[in-house]
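For reference, the structure is listed below as structure tokens.
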2 protein chains.
Amino acid sequence: MRRDIFQAIADPTRRAIIALIAIQAMTPNAIAQHFDTTRQAISKHLRVLTECELVRQGHQGREIYYQLEIDKMKEIDKWLEQFRELWETRFQQLDELLLTIQK
Amino acid sequence: MRRDIFQAIADPTRRAIIALIAIQAMTPNAIAQHFDTTRQAISKHLRVLTECELVRQGHQGREIYYQLEIDKMKEIDKWLEQFRELWETRFQQLDELLLTIQK
DNA sequence: TAAATAAGAAACCAACTGGTTGCAAATATA
DNA sequence: TATATTTGCAACCAGTTGGTTTCTTATTTA
């Protein structure tokens, strides 16, 4: 199964997990305590996030810390780049319009 | 059915549609010609995009032009904001490290 | 060593997704 | 007005998803 970063962030629970471990690495149990669902459900979400390399495991005894791979997040930013140009052009056009009105 | 912008961009075909109509508004038939699928499949994707207001319809006779709602794209950018701070901090830390090494 | 804890794996299930085909409504054209 | 075109809608289907329960493995602790 090919995993995709856009598919990974489609789920609201996964987005919440990302925001949570962005601050500091956490174990599945610790993460699950923040949600109204079972540990196994969280574990499956972590698997999806790991498969698309948005998250990295750090083993420490029997505990596994999950850590956000922040660089991977830039891929979304990179995709947005093409559109950012568009909405900035829009602003520019608006600026020109306001300038024309002033005259 | 609640539609979500993150769920909308999860599908690669929908991302391609977004990129396509970002340049100029297009009819479903015209869009479908760019893909190796049926018009109805594209129509369903357009429905998803319309429901989450990523795309706006413009009626013109019996033709319907679909146009990208560029402002809605900013919501993704807005979500990324919290992480952008993180990866910029990383850069800063790297800069500091390099500075220390130089000394 | 025995019990407890942390975590992944497998089996199962209901709901959702993306796709198809067929059909109806609205508009344009002969 | 009859026909063709553009589009949306409904029904259906196979595959995927998110969730649960149960089980196994590995590590810690009493």
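Just so we're on the same page: letters track the sequence lines, and every chain starts at 1.
- Taking 4.0 angstrom as the limit, A:Thr27 places a side-chain polar atom (N or O) nearer than this to OP1 or OP2 of C:dA7.
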As a quick check of understanding, evaluate side chain to side chain contact (heavy atoms under 4.5 Å, CB included) for B:Glu53 and B:Glu69, giving each step before the final call. CA-CA 7 Å; B:Glu53 294 176 308; B:Glu69 194 69 75; 5.7 Å; no
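- Remark: C1' of C:dA7 and CD of A:Gln33 are 14 Å apart, rounded to the nearest angstrom.
- In terms of position along DNA chain D, the nucleotide closest to A:Asp36 lies nearer the 5' end than the nucleotide closest to the other residue of the pair A:Gln60 and A:Asp36.
- Close to D:dT6, at under 4.0 Å from its OP1 or OP2, lies no side-chain N or O of B:Tyr65.
- Here the nucleotide nearest the side chain of A:Pro28, chosen from C:dG18, C:dT17, C:dA7, is C:dA7.
- Remark: A:Arg3 is in phosphate contact with D:dT17, judged by side-chain N or O atoms under 4.0 Å from OP1 or OP2.
- The distance between atom NE2 of A:His45 and atom P of C:dA9, rounded to the nearest whole Å, is 16 Å.
- One can place CD of B:Glu63 at 6 Å from P of D:dT7, the figure rounded to the nearest angstrom.
- A side-chain N or O of B:Tyr66 and one of B:Gln57 form a donor-acceptor pair less than 3.5 Å apart.
- Rounded to an integer number of Å, the gap from CD of B:Gln7 to P of C:dA15 is 17 Å.
- Contact between the side-chain N/O atoms of A:Gln40 and the OP1/OP2 oxygens of D:dG18 is not found at any separation under 4.0 Å.
- To the nearest angstrom, P of D:dT20 lies 13 Å from CZ of A:Phe35.
- Side-chain nitrogen and oxygen atoms of B:Arg14 include at least one within less than 4.0 Å of the OP1 or OP2 phosphate oxygen of C:dG18.
- A close approach under 4.0 Å does occur between a side-chain nitrogen or oxygen of B:Thr37 and OP1 or OP2 of C:dT20.
- Set against C:dA11, D:dT5, C:dA4, the side chain of A:Lys44 has C:dA11 as its closest nucleotide.
- The pair A:Arg56-A:Asp71 does not meet the salt-bridge criterion, since no charged nitrogen lies less than 4.0 angstrom from a carboxylate oxygen.
- Neither OP1 nor OP2 of C:dT5 sits under 4.0 Å from any side-chain N or O of A:Asn29.
- Within the 4.0 Å cut-off from OP1 or OP2 of D:dG8, at least one side-chain nitrogen or oxygen of B:Gln57 is found.
- The distance between atom CG of A:Asp4 and atom C1' of D:dT17, rounded to the nearest whole Å, is 15 Å.
- Per the geometry, CG belonging to A:Asp11 stands 11 Å off P belonging to C:dT17, to the nearest Å.
- Looking at B:Arg14, its side chain does come within 3.5 Å of a backbone N or O of B:Ala8 through a donor-acceptor pair.
- Contact between the side-chain N/O atoms of A:His59 and the OP1/OP2 oxygens of C:dA6 is not found at any separation under 4.0 Å.
- Between A:Arg47 and C:dA7 there is no side-chain N or O to OP1 or OP2 distance below 4.0 Å.
- Other residues, nucleotides and ligands contribute at most 12 non-hydrogen atoms within 6.0 Å of the CZ atom of A:Arg47.
- Taking only distance into account, the side chain of B:Arg62 never meets the base of D:dT6 through a donor-acceptor pair shorter than 3.5 Å.
- Set against C:dG8, C:dG19, D:dT20, the side chain of A:Ile64 has C:dG8 as its closest nucleotide.
- As rounded to whole Å, 16 Å separates atom P of D:dT17 from atom CG of A:Leu46.
- Heavy-atom nearest nucleotides on DNA chain C were determined for A:Arg39 and for B:Thr38, and the one closer to the 5' end corresponds to A:Arg39.
- Although no hydrogens or angles enter the test, the distance criterion places a donor-acceptor pair under 3.5 Å between the side chain of A:Thr50 and the main chain of A:Leu46.
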